[in-house]
Novice: 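Handing you a structure now.
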Amino acid sequence: MKRFMQIWKPAVVAFLLLTLVCGVIYPGVVTIIAGAAFHDKANGSIIEEKLANGQTAKYGSKEIGQTFSQPEYLIGRAPNDGAATNQNPTGEEQKKLVEQRIAWWHKLDPTNNRVIPMDLVTASGSGVDPDISKEAAAYQVDRISRVRGISTKKVKEIIDEHTSERLLGFWGEPTVNVLQVNLALDGLKM
């Protein structure tokens with residue numbers, strides 16, 4: 001019994017100590033630092049507007065894709081059709097999903113006969129990508145303009161205002177934030 005206690009007592013003490021340090025203290029410190037140094041991101045990058053009555057309207061996160069499927073809005077990555085985002089890119093299931101999504105786009109805007117950009121018919125790895133390519137946004141300009149009754153120039157200006165360029169001028173691709181564009185199309189200044 002004495003030998004048993006010599007082995008287990010340090011193990012239990014180490015377990016409790018590591019649980020306290022790694023499970024309570026460290027996450028608490030990181031949460032406090034993140035909240036202080038990166039307040040917006042730590043709180044979900046929520047787009048808010050102060051209303052005249054003193055309340056706050058919350059529209060969504062800049063970092064998490066929102067679902068838009070109405071023709072008057074810029075539509076993000078593949079429509080939320082419940083499909084898994086980890087399909088084999090050359091598999092039959094993925095091919096069928098892409099064909100269904102192409103048909104969806106043609107039904108949404110039958111007058112648009114241009115090639116549909118790939119990011120509009122494929123899902124992102126996470127399934128919640130808030131951005132689309134500049135090409136995917138440009139593909140939708142005529143439809144948005146026609147449905148809203150505003151000029152294509154105005155739609156392009158709004159898209160350009162919410163386009164992020166390459167990091168440091170060479171890293172990554174320019175992207176368009178779908179939620180921010182749609183809020184601007186609705187006349188909200190963010």
Novice: Which pairs pass salt bridge (charged side-chain N to carboxylate O under 4.0 Å, His left out) with one or both residues in residues 177-186, sequence neighbours excluded?
Specialist: Arg148-Asp186
Novice: side-chain hydrogen bond (donor to acceptor under 3.5 Å, both in side chains) with Thr90: which residues, sequence neighbours excluded?
Specialist: Asn88
Novice: For residues Cys22 and Pro27, report the shortest heavy-atom separation together with the two atoms involved.
Specialist: O-CD, 3.3 Å
Novice: Would you mind listing every side chain to side chain donor-acceptor pair (under 3.5 Å) that reaches into residues 166-177, with sequence neighbours excluded?
Specialist: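 Counting only pairs at least two positions apart or across chains, the side chain to side chain donor-acceptor pair (under 3.5 Å) contacts touching residues 166-177 are Asp131-Asn177, Arg166-Glu173.
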Novice: Can you name the closest pair of heavy atoms from Ala137 and Val176 and give their distance?
Specialist: CB-CG2, 4.0 Å
Novice: Within the 4.5 Å heavy-atom criterion, are Val155 and Gln140 side-chain neighbours or not?
Specialist: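 Result no, sub-4.5 Å side-chain heavy-atom pair not found.
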Novice: Would Val147 and Ile144 show up in the same hydrophobic cluster when neighbours are defined by side-chain heavy atoms closer than 4.5 Å?
Specialist: no
Novice: Taking all non-hydrogen atoms of both residues, which atom of Ser145 and which atom of Ser151 are closest, and how far apart?
Specialist: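 In this case the closest contact between Ser145 and Ser151 is OG-C, 3.5 Å.
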Novice: Could you measure the distance from the CD atom of Gln66 to the CD atom of Gln180? Nearest 0.5 Å is fine.
Specialist: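 Between Gln66 CD and Gln180 CD, I get 11.0 Å after rounding to 0.5 Å.
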Novice: Look at the side-chain heavy atoms of Ile, Leu, Val, Met, Phe, Trp and Tyr, link any pair under 4.5 Å apart, and say whether Ile159 and Ile150 land in one connected group.
Specialist: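 Ile159 and Ile150: one cluster.
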Novice: Excluding sequence neighbours, so at least two apart, what forms side-chain hydrogen bond (donor to acceptor under 3.5 Å, both in side chains) with Asn112?
Specialist: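 In terms of side-chain hydrogen bond (donor to acceptor under 3.5 Å, both in side chains), with neighbours along the sequence ignored, Asn112 is linked to no residue.
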Novice: Flag yes if more than 12 heavy atoms outside Glu93 fall under 6.0 Å of its CD atom; otherwise flag no.
Specialist: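 Atom CD in Glu93 is not packed in, count stays at 12 or less.
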Novice: To the nearest 0.5 angstrom, please state how far the NE2 atom of His162 sits from the CG atom of Leu185.
Specialist: 8.0 Å
Novice: Tell me every residue that passes side-chain contact (heavy atoms from CB on, under 4.5 Å) with Pro117, counting only those two or more places apart in sequence or in another chain.
Specialist: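 For Pro117, the residues satisfying side-chain contact (heavy atoms from CB on, under 4.5 Å) (neighbours in sequence not counted) are Asp119, Leu120, Glu135, Ala136, Tyr139.
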Novice: Looking at residues at least two apart in the chain, or sitting in another chain, which of them share a side-chain hydrogen bond (donor to acceptor under 3.5 Å, both in side chains) with Lys134?
Specialist: none
Novice: Which residues pass the side-chain contact (heavy atoms from CB on, under 4.5 Å) test with Glu63, not counting sequence neighbours?
Specialist: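 For Glu63 the side-chain contact (heavy atoms from CB on, under 4.5 Å) partners, ignoring immediate neighbours, are Lys41, Ser45, Ser61.
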Novice: Within this structure, what is the NZ-CD distance for the pair Lys96 and Gln100, rounded to the nearest 0.5 Å?
Specialist: 9.0 Å
Novice: Quick check: are there more than 12 heavy atoms from other residues, nucleotides or ligands sitting under 6.0 Å from CZ of Arg3?
Specialist: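 Not buried by this count: 12 neighbours or fewer within 6.0 Å.
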Novice: Hey, does Trp105 have a side-chain heavy atom less than 4.5 Å from the side chain of Ile75?
Specialist: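 Yes, their side chains come closer than 4.5 Å.
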Novice: Going by the rule side-chain contact (heavy atoms from CB on, under 4.5 Å), which residues pair with Thr122 if we only count those two or more places apart in sequence or in a different chain?
Specialist: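 For Thr122, the residues satisfying side-chain contact (heavy atoms from CB on, under 4.5 Å) (neighbours in sequence not counted) are Arg77, Gln94, Val98, Met118.
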Novice: Hey, what do you get for CD (Gln70) to CG (Leu108), rounding to the nearest 0.5 Å?
Specialist: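 One gets 9.5 Å once the value is rounded to the nearest 0.5 Å.
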Novice: Looking only at heavy atoms, which two atoms of Leu74 and Phe68 are closest? And how far apart?
Specialist: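 Smallest heavy-atom distance, with atoms named: O-CB, 3.7 Å.
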Novice: Going through the distances and angles, do Ile116 and His106 end up as a side-chain contact (heavy atoms from CB on, under 4.5 Å)?
Specialist: CA-CA 9 Å; Ile116 301 170; His106 287 306; 4.1 Å; yes
Novice: Show me the pairs that pass ring pair (Phe, Tyr, Trp, His ring centres under 6.0 Å) and involve residues 8-44, at least two apart or across chains.
Specialist: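 Those involving residues 8-44 are Phe4-Trp8.
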Novice: Going by side-chain contact (heavy atoms from CB on, under 4.5 Å), name the residues that satisfy it together with Glu92, two or more places apart in sequence or in a different chain.
Specialist: Lys95
Novice: Is Ile25 isolated, or which residues cluster with it under the ILVMFWY side-chain rule of less than 4.5 Å, directly or via members?
Specialist: Leu20, Val24, Val29, Ile33
Novice: Rounded to the nearest 0.5 Å, what separates atom CZ in Arg143 from atom OH in Tyr73?
Specialist: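 Going from CZ on Arg143 over to OH on Tyr73, the span is 12.0 Å.
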Novice: Any chance you could measure Asp142, atom CG, to Asp109, atom CG, to the nearest 0.5 Å?
Specialist: 8.0 Å
Novice: Nearest heavy-atom pair of Leu179 and Gly60: which atoms, and what distance?
Specialist: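 Nearest heavy atoms, Leu179 then Gly60: CD2-C, 3.7 Å.
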Novice: Which heavy atom of Ser69 sits nearest to which heavy atom of Trp104, and what is that distance?
Specialist: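 Closest heavy-atom pair between Ser69 and Trp104: CB-CZ2, 3.9 Å.
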